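Please read the structure below before turning to the comments.
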2 protein chains.
Amino acid sequence: MTRRVTIADIAAAAGVSKGAVSYALNGRPGVSEATRTKILAIAAEMGFVPNRAARSLSVSSAQAVGIALRRSARTIGIEPYYMELISGIEATLSAGSFGLTLQIVGTVEEELEVYRRWWAERRVDGVLLCDIGTSDRRLDFIADLGLPAVAVGGPVEGARVPAVWHDDVEPCRDILEYLYTLGHRRVARVAGIPGLLHTAIRDQAYADTAAELDFETVTTIHSDYTGEQGAQITRRLLSSSKRPTAIVYDNDVMAVAGLGVAHELGLEIPEQLSVVAWDDSPLCRLTHPALTSLTRDIPAYGSKCAEVLLTLIGENKVSEPPSTESRTFSVQCRPAQLSPRGSTGLAQA
Amino acid sequence: MTRRVTIADIAAAAGVSKGAVSYALNGRPGVSEATRTKILAIAAEMGFVPNRAARSLSVSSAQAVGIALRRSARTIGIEPYYMELISGIEATLSAGSFGLTLQIVGTVEEELEVYRRWWAERRVDGVLLCDIGTSDRRLDFIADLGLPAVAVGGPVEGARVPAVWHDDVEPCRDILEYLYTLGHRRVARVAGIPGLLHTAIRDQAYADTAAELDFETVTTIHSDYTGEQGAQITRRLLSSSKRPTAIVYDNDVMAVAGLGVAHELGLEIPEQLSVVAWDDSPLCRLTHPALTSLTRDIPAYGSKCAEVLLTLIGENKVSEPPSTESRTFSVQCRPAQLSPRGSTGLAQA
DNA sequence: GAAGCACGCTGAACCGGTTCGCCGAAACCG
DNA sequence: CGGTTTCGGCGAACCGGTTCAGCGTGCTTC
C-alpha cells in the first residue's frame, strides 16, 4: 500500500513552497524555468497525481460530467444505441481528462433529483440529456439550475440548452422515396415512443412525404421500442387483410423482432415483405437477410455531444456571468444515410 | 442560478458552530436532541446538500466506484451483457448513494493506468474488474495498490481480490447432456476469447463432459465474440463435410449471427441444425425460432458484485490495516439455467 | 546612483466539510 | 457542600490543493 504523494511532499523535496509547486505543475508563470523543470522532475519521480477532491474544493470544478439514463435494467442492455453513445462520449471526455458519472433512473422526477444532487454536491460540471421529449421539463430545470448541459437530440426550439442533433426529415424522405421507387404503396411504420422529440419529427416527416407521393397507405403505430412490442405490432400488421408490403422500424431491435415474426409467418424476405431499420448497429448485419437501415455514427455523435459540453463548461468557467442569455446554440450533425441491404426489394405485383 | 448552501450558512442560521451542524447532520452524538432537530429542519428548509469534494477531502473517500471496460467503441454496444451488468451495479450503488464512474479503455496498460490514476486522485473508493483472464495482471496490480476491488467473474485461485461468479461447469454439462438426449452426436462450440477465465473453464467443462458421453465429435473454435466472427465460423462449420448437427455459442450475439448464416444456407432450424446461446438477453427471444439459451440474471449479478464491493469498502474504512491478508473471499451465484426454446430439436437421423 | 520595475518565490488565507481538545454548566456523588 | 462525571457546544486545526498580497533581488532607466 503505497503512500499518496502530496504537493507538500514535493515542495519539501524541492526545497520550495507549496505555491511554487502548484504554479510549476499547472504551467503558470510565477516560477523560473529552472525550478519548474526541477519540480516537474521531482513530481514525476515521486509519481505525483493531484488529489481530485482537494483541487475540486478550491477550484470548484469536478472534472466530470454526468449522464442519467431513464430505462429499466432489463431493457437498456438490448439497445446498442446507449452503449455506443456512451463509448463515444467517453472517448472525448477521457481525452480531456474528464470523468463520466453514470446513473440509471426510473422516472423523470428521479432524474431531476439526480441533477439537483449532482449540482449541489458539485459532483459534475455538466450533464448530457438523452431522449429529449417534445416538451421536456428537464431543459428548463437544468437551465434554472445553471448547470451546463447539452441536449442529445433536437432541434429544441426556444432552447436555453444547446442541442446536438441530426436532421431526421431527410432520412425519412429517403426511406419513403426508396420504397416508393421499389414499387411499395402500402407502407407501415413501427414508431418509437410518442413523447420523444425525434418520434414526433419523424411522424411529421413521414406524413409530409407520404402526402407528396401517391402511396395507398402509410400508417404509423407507436411502440415502446422493445422487441416484444415490435414483434406484436408486426404480427398484427402482417395478419391484417391488406397487409403492408414494407415495414419501417424506428430502431433496429424492433426490426430484428419484426424480421423474426415475418419468418415465423413464413413470409419470404424481401420478396413478400421489405424491412427497414433505423440506427444501424451491428445487429442489422447479423440477421438473414441483413437489414436495410439508416446508418448513423453513434459513437461520433456521442463524441460531438461531449465536445460541445466541454467547451460549454470551459466557457462559463472563464466568464461566470453569461450576459447574453441566448448563448445557446444548436449543432447539426450529418443526417443518417440509407444503407440498402438484403431486407428490401421490389414490391410484389 | 441558486446559491449553494454550505454548512456555515446553516450554522449561522441556527446560531451554532459548524461543528455542531456537522454532528447533527451526520447523526452523531455531541448535540442535544432539540438542537439536532432544529438544525435538521433548517438544513432541509435551505435545501442543503453537502459538497462532495469537501467531504471527500476530509474523510478521504469518494463515495464512488469505478469500472473500466476494455472494448472498442463499435463492438461494446452490441453486447447486451455490459449494459445489463452496469445497470445492476448502478441500482445497488445508488441505493447506497454511491456514484459510478465509467471509463472505456483500449489496452490492459491503459486500464492499469486508469486504476492508478483513480486511486491516486482518490476519485473512486473501489473498482470492479470485468472480463477476468486466466492469468490476470490486474488482480495483483490492484491488490498492490490497496484499492478495494471485486472480480466480476471467477473463481480466481490464490486470489488477493474477492470474486463474484457463477459456476459454468454445470451449465456446460447441462447443454451437452441436453443435446445428447436429443440425439446429437456431432456438436460444435463457437467459444469466446481464449484468454478469458470463463472461456477456459467452459473449455475444460465441455471436454470433460464430452469424454463421459460418447459423442462423435465435440469441437471448439475460439472467436472474439463478435457477430462477424460468429457468422464466419458458423459458415465454415456448416460447409464442412461432416457438419455438426448442433452448435453452441458462448454468447448470444454470435448465436444470432449463426442463426442468420443457417438461414442463408437454407437450413431448417431446428430440424437440420440446433442452436444454443449463452447469456440469455432479450435478443434470444427476438429471432425466429427463438434461441434456446442459458439464462443468467445479469442485472442481479451486477448488483451482487456492487454489494460485495460496498461491504469491502465499508470494512477497510473502519479498520485500515487488514491484518489477515487472506480476507479475500469468493461469492458464488446461482448457475445459469437452460431455457429450451425453438432453436433446438431432435437430431436428424 | 537612486528610483522604478519585473521577476521569482514565500506565507497565509481559502474552499467546505470533519474531528478533536477543551470548557462551562448541570447533574450526580459520597 | 466540594469534587467528579457527563453533556452540549465552541473554536481551531486539518484534509490538499489554488491563489493572492507582499517581499527581496537584480536589472533597467535617466
Side-chain angles (χ1 to χ4, degrees), chain A residues 3-40 42-43 46-64 97 117 119-123 125 317-318 320, chain B residues 3-40 42-43 46-64 97 117 119-123 125 317-318 320:
Chain A
R3 273 290 305 147
R4 274 134 176 142
V5 181
T6 76
I7 207 173
D9 299 333
I10 299 176
V16 293
S17 70
K18 278 171 55 182
V21 176
S22 178
Y23 290 136
L25 291 175
N26 295 315
R28 349 175 108 238
V31 283
S32 67
E33 225 28 64
T35 52
R36 181 187 303 276
T37 51
K38 178 176 153 198
I39 289 172
L40 287 180
I42 293 176
M46 298 177 86
F48 172 75
V49 181
N51 180 319
R52 179 72 52 191
R55 180 180 295 213
S56 294
L57 186 54
S58 39
V59 141
S60 80
S61 92
Q63 287 278 308
S97 71
R117 188 163 47 73
W119 170 82
E121 286 184 341
R122 280 187 150 84
R123 206 191 253 278
D125 298 321
K317 191 158 40 180
V318 292
E320 188 61 41
Chain B
R3 272 287 305 145
R4 273 134 175 141
V5 181
T6 74
I7 207 173
D9 299 333
I10 299 176
V16 294
S17 69
K18 279 170 55 182
V21 176
S22 177
Y23 290 136
L25 291 174
N26 294 315
R28 351 174 108 237
V31 284
S32 68
E33 223 30 63
T35 52
R36 180 188 303 276
T37 51
K38 179 175 153 201
I39 288 171
L40 288 179
I42 292 176
M46 298 177 87
F48 171 76
V49 181
N51 180 319
R52 179 72 53 191
R55 187 188 294 237
S56 293
L57 186 56
S58 40
V59 140
S60 80
S61 91
Q63 287 279 307
S97 72
R117 188 164 45 74
W119 170 82
E121 287 184 340
R122 281 183 149 86
R123 205 190 253 279
D125 298 321
K317 191 158 40 180
V318 294
E320 188 61 40

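Because the structure is predicted, anything quoted here is derived from the model rather than measured. Atom set for the values below is all heavy atoms of this structure, side chains included, hydrogens, waters and symmetry mates excluded. Reminder, nothing fancy here: chain letters follow the sequence lines and each chain counts from 1.
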Residue-phosphate contact under 4.0 Å: A:R55 side-chain N/O, D:dT18 OP1/OP2:
yes
Choosing from D:dG16, D:dC10, D:dG17, which nucleotide comes nearest the side chain of A:L57?
D:dG16
Could you please name the option among D:dT19, C:dC15, C:dC20 that lies closest to any side-chain atom of A:S58?
C:dC15
Hey, does the side chain of B:D125 reach the backbone of B:S61 with a donor-acceptor pair shorter than 3.5 angstrom?
no
Looking only at side-chain atoms of A:S22, point me to the closest of D:dG8, C:dC20, D:dT18.
D:dT18
Figure out the CD1/P separation between B:I7 and D:dG11, and round it to whole Å.
15 Å
Nearest of D:dT19, D:dC10, C:dG16 to any side-chain atom of A:Y23?
D:dT19
Using heavy atoms to find the nearest nucleotide of DNA chain C for A:R36 and A:K18 separately, return the residue whose nucleotide is more 5′.
A:R36
The side chain of B:A20 lies closest to which of these nucleotides: D:dC10, C:dT10, D:dT18?
D:dC10
Give a yes or no on whether the backbone of A:Y23 and the side-chain of A:N26 come within a donor-acceptor separation of less than 3.5 Å.
no
What's the closest nucleotide to the side chain of A:N51 if the choices are D:dG17, D:dT19, C:dG16?
D:dG17
Atom-pair distance (CG on A:D9; C1' on D:dG16), nearest Å
10 Å
Nucleotide C:dT19, atom P - distance to CG of B:L25 in whole Å
13 Å
Kindly point out which of C:dT19, D:dG16, C:dT10 is positioned nearest to the side chain of A:S17?
C:dT10
Rounded to the nearest angstrom, tell me the gap between atom CZ in B:R123 and atom C1' in D:dG16.
16 Å
For A:R4 and D:dG16, give me the distance from atom CZ to atom P, rounded to whole Å.
10 Å
Select base, sugar-phosphate, or nothing to describe what A:V16 touches, counting heavy atoms under 4.0 Å on all strands.
sugar-phosphate
With the side chain counted from C-beta on, respond yes when A:M46 and A:I10 share a heavy-atom pair under 4.5 Å apart, and no when they do not.
yes
Would you indicate, yes or no, if C:dG17 has its OP1 or OP2 atom less than 4.0 angstrom from a side-chain nitrogen or oxygen of B:R52?
no
When you measure from the side-chain N and O atoms of B:T35 to the phosphate of D:dG8, is any distance below 4.0 Å, counting only OP1 and OP2?
no
What distance do A:R52 atom CZ and B:R117 atom CZ have between them, rounded to the nearest 0.5 Å?
7.5 Å
Which whole-number value in Å describes the distance from A:Q63 CD to D:dG16 P?
19 Å
Donor-acceptor pair, side chain of B:S58 and main chain of B:A54, under 3.5 angstrom
yes
With sugar-phosphate meaning primed atoms plus P, OP1 and OP2, does B:R28 contact a base, only sugar-phosphate, or nothing at under 4.0 Å between heavy atoms?
sugar-phosphate
Under 4.0 Å between a side-chain N or O of B:S56 and OP1 or OP2 of C:dG17?
no
Phosphate OP1/OP2 of D:dT18 contacted by A:N26 side-chain N/O (<4.0 Å):
yes
N/O donor-acceptor pair under 3.5 Å between A:T35 side chain and A:S32 backbone
yes
